[in-house]
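To keep things clear, I will list the structure first and then write my remarks on it.
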There are 2 protein chains.
Amino acid sequence: MPFTYEYPRPAVTVDCVVFGLDTEPQLKLMVIQRAHPPFAGEWALPGGFVGMDEDLEESARRELKEETGIDHIFLEQLYTFGKPGRDPRGRTITVAYYALINLSEHPVTAASDAQDARWFEVNHLPKLAFDHDQIVATALQRLRGKVRYQPIGFELLPRKFTLTQLQQLYEIILEKPLDKRNFRRKILKMDILVALEEYQTGVPHRAARLYQFDEKKYQQKIKAGFNFEI
Amino acid sequence: MPFTYEYPRPAVTVDCVVFGLDTEPQLKLMVIQRAHPPFAGEWALPGGFVGMDEDLEESARRELKEETGIDHIFLEQLYTFGKPGRDPRGRTITVAYYALINLSEHPVTAASDAQDARWFEVNHLPKLAFDHDQIVATALQRLRGKVRYQPIGFELLPRKFTLTQLQQLYEIILEKPLDKRNFRRKILKMDILVALEEYQTGVPHRAARLYQFDEKKYQQKIKAGFNFEI
DNA sequence: TCAAAAGTGTTGACGGTACACCCATGT
DNA sequence: ACATGGGTGTACCGTCAACACTTTTGA
């Protein structure tokens with residue numbers, strides 16, 4: 001191999017901040033219990049070393065699948081953390097990703113490097129290994145910022161959802177109440193949802209209409225200069 | 001060292017996308033001519049390998065200083081690129097940063113690994129080494145997105161500037177004309193600029209008033225819920 | 001029939017946009 | 001005096017925020 005670089009290298013890992021929305025409704029975070037040192041037995045973000053022939057995102061998806069069973073979800077690069085000393089094994093740089101998932105449609109199974117994989121309410125997280133607290137804080141900040149300008153909130157809901165579910169999602173993430181009538185008017189006016197001829201079932205009150213996010217229509221509108229904003 | 005990880009590791013580099021605003025006015029990009037293989041003699045972003053005991057941002061600032069003489073500027077992490085094959089020397093992951101600078105206040109001097117360091121108009125860039133075209137494209141996208149919601153544009157101007165300069169800055173970055181009266185009203189209404197009792201000099205027409213960005217006031221307003229938006 | 005959430009309109013305030021002329025200065 | 005950019009106000013329209021009651025359904 002030409003021009004090979006012969007100096008010591010940092011190790012490179014990926015970590016995944018996976019947010020899920022529970023039915024209560026609450027914003028939750030997926031954490032695993034580490035099976036191996038360092039920090040064996042402690043809670044941490046799913047993640048691991050990047051393979052030599054693996055793209056970064058591919059790596060993140062693989063680790064997530066191996067450690068939690070979660071697959072095929074919205075995943076985006078978040079930030080790269082590399083402060084010397086953040087890993088007791090020696091210099092380690094981690095490329096963090098964040099993911100959004102609908103809790104009810106994705107059962108979780110601990111596997112491989114993890115003894116256990118569990119959802120925790122984001123406001124009641126256990127102490128996390130490494131600098132994972134900081135990574136989660138960064139991810140939350142990103143989520144709060146991004147959810148207002150891009151329609152990523154739908155990733156947290158089931159494919160068919162009610163307007164009240166959607167509103168609660170924004171209320172939880174943005175941590176402030178929204179006006180029902182104004183919210184509905186605004187979101188429907190965007191014309192990126194399809195109203196289904198289907199309704200909630202099993203609720204002890206009037207059943208709400210179900211909606212779906214129309215990705216195609218959204219992409220068309222984007223091209224025409226449309227700006228999503230809550 | 002406990003738990004040392006003994007598998008092969010990717011190399012890790014940093015690269016800097018440095019934007020500058022010229023007086024013409026034009027948005028420019030700093031590129032260097034590589035002194036060493038691979039791609040010796042070709043144009044590329046300033047950057048290099050991360051030291052084993054160096055934080056990532058520190059590393060980016062060091063490389064920038066070494067290769068271009070530029071120092072003490074606005075610099076933020078952009079994105080991490082790690083597709084296998086992006087560097088002919090073998091697996092290399094690069095953490096890209098972007099920087100904003102006022103051209104007139106920062107003279108440039110090629111040094112160290114670089115034979116030459118130069119500003120190119122962003123719409124007329126030479127072919128760049130590695131995947132640096134893609135990194136620049138990502139940085140431009142980020143700049144266009146961010147400049148509207150955060151007062152980072154001031155980093156591109158001299159400390160004292162006219163409202164017309166500020167407007168032109170936004171017109172160049174956002175690639176669309178803005179209405180003079182509306183722009184002025186909007187920016188002054190924000191109350192984050194201080195109007196100086198100083199004026200342009202050496203212009204063959206009425207001299208414009210100079211303004212300064214008031215960082216302190218801005219931070220105060222942010223805490224009080226203010227949102228910057230152009 | 002009661003409890004619980006679904007669904008629906010109007011008004012007033014504010015901010016955005018469009019638009020044209022006089023002023024100050026240096027040559 | 002002329003050329004060049006500096007600097008200013010108003011009217012219209014659309015969007016946002018505030019606000020309360022009736023309807024539907026299951027228990």
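FYI, side chains are in, hydrogens and waters are out, and symmetry mates aren't considered; it's all heavy atoms of this structure.
- One N or O on the side chain of A:Glu67 and one on the backbone of A:Gly47 form a donor-acceptor pair closer than 3.5 Å.
- Within residues 217-230 of chain A, no residue is approached by DNA chain C to less than 4.0 Å at the level of any non-hydrogen atom.
- The separation between B:Leu166 atom CG and D:dG7 atom P is 13 Å, rounded to whole Å.
- If you take NZ on A:Lys221 and CG on A:Asp191, they are separated by 4.5 Å, rounding to the nearest 0.5 Å.
- Using a 4.0 Å cutoff on non-hydrogen atoms, the parts of residues 184-193 of chain B near DNA chain D are B:Arg184, B:Arg185, ordered by number.
- In terms of heavy atoms, B:Arg86 sits closest to B:Phe130 at O-CD2, 3.6 Å.
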Sequence-aligned protein contact record of nucleotides 22-27 of chain C, with B where the base is within under 4.0 Å of a protein heavy atom and S where only the sugar-phosphate is: -BBBS-
Validation: residues 182-189 of chain B side-chain donor-acceptor distances under 3.5 Å, sequence neighbours left out:
| unit_1 | atom_1 | unit_2 | atom_2 | d |
| --- | --- | --- | --- | --- |
| B:Asn182 | OD1 | B:Arg185 | NH2 | 2.5 |
| B:Asn182 | ND2 | B:Asp179 | OD2 | 3.3 |
| B:Arg184 | NH2 | B:Thr164 | OG1 | 3.2 |

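- OP1 or OP2 of D:dG6 sits under 4.0 Å from a side-chain N or O of B:Thr164.
- Although no hydrogens or angles enter the test, the distance criterion places a donor-acceptor pair under 3.5 Å between the side chain of A:Asn102 and the main chain of A:Ser104.
- In this structure A:Tyr98 satisfies the side chain to side chain donor-acceptor pair (under 3.5 Å) test together with A:Glu76, sequence neighbours excluded.
- Only B:Lys180, B:Arg181, listed by number, bring a heavy atom of residues 168-181 of chain B to less than 4.0 angstrom from any atom of DNA chain D.
- Contact of the B:Arg209 side chain with the B:Leu196 side chain is not registered, since no non-hydrogen atoms from C-beta on lie closer than 4.5 Å.
- Relative ring orientation between A:Tyr218 and A:Phe226 is described as perpendicular, the plane-to-plane angle rising above 60° on a 0-90° scale split at 30° and 60°.
- Using modelled atom types, no side-chain atom of B:Arg159 and backbone atom of B:Gln212 make a donor-acceptor pair closer than 3.5 Å.
- The distance from atom CH2 of A:Trp43 to atom CG of A:Leu45, rounded to the nearest 0.5 Å, is 12.5 Å.
- A:Lys180 places no side-chain N or O within 3.5 Å of a backbone atom of A:Gln167 that could act as its donor or acceptor partner.
- A distance-only check finds no donor-acceptor pair linking the side chain of A:Glu42 to the backbone of A:Ala129 [under 3.5 Å].
- For A:Tyr79 (side chain) and A:Ile135 (main-chain N/O), no donor-acceptor pair under 3.5 Å exists by modelled atom type.
- Remark: C1' of C:dA6 and CD of A:Gln167 are 12 Å apart, rounded to the nearest angstrom.
- Taking for each of B:Asn182 and A:Asn182 the nucleotide of DNA chain D with the nearest heavy atom, the 5'-most of the two is the partner of B:Asn182.
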